[in-house]
Protein chains: 2
Amino acid sequence: MGLFYQHGIHAIGINEVLKSSGIAKKTLYNHFESKEALVLATLEQRHHLFISWLSRCLENAQTNEQLTEQLFSALDQWINNKVAMLGDFRGCYFINTAAEFGELTNPINQLCQRHKLAVKTLLKQALNDADDAAVERLFLLSEGIISTAYTCHDMDVAKRALKN
Amino acid sequence: MGLFYQHGIHAIGINEVLKSSGIAKKTLYNHFESKEALVLATLEQRHHLFISWLSRCLENAQTNEQLTEQLFSALDQWINNKVAMLGDFRGCYFINTAAEFGELTNPINQLCQRHKLAVKTLLKQALNDADDAAVERLFLLSEGIISTAYTCHDMDVAKRALKN
DNA sequence: CAAAAAGTAGACCAACTTGTCTACCACGCA
DNA sequence: TGCGTGGTAGACAAGTTGGTCTACTTTTTG
């Protein structure tokens with residue numbers, strides 16, 4: 001559900017979800033036992049969506065330089081709303097959601113963490129013969145790009161990173 | 001008010017603020033005309049706090065390498081709760097708050113953006129003779145470090161960045 | 001065709017939200 | 001002494017929250 005991504009979890013009530021989806025309340029609670037379960041499902045769904053998009057963007061890179069270029073280029077596409085499957089850019093759903101649910105024991109928070117680790121793992125696999133430091137640096141840069149694009153409304157940040 | 005930083009804006013009601021601060025409701029609404037005004041005040045306060053802390057951390061750096069080292073070292077201190085004035089680390093208050101208030105027209109969102117631009121400006125002033133690309137890269141890395149430390153519960157990320 | 005399963009709309013509940021207002025109290029000052 | 005200022009505690013209003021439940025309709029299935 002894009003509503004949560006677009007506006008944040010706490011800002012969207014169940015009734016808005018129902019109205020927007022056209023589903024009945026009983027039906028929703030038949031499928032999900034609580035709002036938290038629903039949120040977890042949306043996180044899970046977007047996790048798969050995002051990972052599959054990103055891995056497709058990174059495949060067929062020959063060199064590490066090429067891969068970096070493809071990564072930043074992909075981020076630029078996303079940030080500038082040219083990736084239909086990811087919806088209107090509103091930062092990283094997982095960073096945003098972790099910001100709302102900070103307790104370490106919360107399953108929502110844990111799912112956000114797992115997503116980020118999966119992204120890092122994906123980068124590691126995509127980078128040939130790179131040491132961990134190089135993987136880390138690339139990951140940190142991409143996190144910085146996503147965060148900056150959103151918080152600073154800086155839609156060109158990935159494009160500029162591409163040139164350096 | 002640390003409550004907002006610790007738990008997020010939507011997660012904390014006015015009544016919790018009152019209970020925690022020992023102030024009466026009427027007194028609070030005598031000083032702030034709404035919750036939004038209160039939130040704006042806390043953002044403003046933390047903005048000054050953070051900028052003054054950071055600029056003190058970066059002063060007296062002789063070379064750009066030294067400055068980078070001081071920056072990452074400062075982030076490491078913050079992340080590992082060794083900076084009393086910043087309180088228990090819970091990521092960047094401004095990134096977190098922007099995640100909750102995404103509308104561009106919202107003053108809260110605009111304040112978050114302004115804070116980030118101020119940080120970038122601070123870095124630019126601290127870096128001697130550096131081109132914009134170098135400033136940008138350092139800013140993106142530090143944003144990535146803060147975000148990763150929080151979302152991945154990775155308390156060593158700044159320390160590792162320090163070594164590379 | 002009939003029964004069961006799963007959908008619908010929406011009333012309802014208890015708890016909570018922000019914000020207002022009343023009633024009272026404590027202090028400094030003339 | 002008395003008055004104004006600014007505090008306190010908390011009832012209250014109006015609306016929203018997540019979630020349950022009833023009553024009815026549609027779809028699926030044997």
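Here is how names work: the chains are called A, B, and so on, in the same order as the sequence lines, proteins then strands, and each is numbered from 1.
If you check D:dG10, C:dT8, D:dG19 against the side chain of B:Lys25, the one that comes closest is D:dG10. In this structure, the nucleotide among C:dT18, D:dT8, D:dG18 sitting nearest to the side chain of B:Ile23 is D:dT8. Checking D:dA9, C:dG19, D:dG19 against the side-chain heavy atoms of B:Ala24 singles out D:dA9 as nearest. Comparing D:dG7, C:dG10, C:dT22 against the side chain of B:Lys26 picks out C:dT22 as the nearest. Nearest to the side-chain atoms of B:Ile14 among the listed nucleotides C:dT18, D:dT8, C:dT8 stands C:dT18. When each of D:dT17, D:dT22, C:dT17 is scored by its nearest atom to the side-chain atoms of B:Glu16, the top-ranked nucleotide is C:dT17.
Looking at A:Asp76 and A:Lys82, no side-chain N of the basic residue comes within less than 4.0 Å of a carboxylate O on the acidic one, giving no salt bridge. With respect to A:Asp154 and B:Lys116, no salt bridge is recorded, no charged nitrogen being found less than 4.0 Å from a carboxylate O.
The phosphate of D:dG6 has neither OP1 nor OP2 within less than 4.0 Å of any side-chain N or O from B:Asn30. Between B:His31 and the phosphate of D:dG6, there is no side-chain N or O to OP1/OP2 separation shorter than 4.0 Å. Contact annotation: B:Thr27 reaches the phosphate of D:dT8 (side-chain N/O to OP1 or OP2, under 4.0 Å). Between B:His10 and D:dT17 there is no side-chain polar atom (N or O) within less than 4.0 angstrom of OP1 or OP2.
Residue B:Ile12 is classed as a sugar-phosphate contact, given heavy-atom separations below 4.0 Å to backbone atoms only.
We find the CZ-OG distance between B:Phe94 and A:Ser147 to be 13.0 Å, quoted to the nearest 0.5 Å.
Between B:Tyr93 and the options B:Phe4, B:Phe50, B:Tyr5, a ring-ring contact (aromatic ring centres under 6.0 Å, His included) holds for only B:Tyr5.
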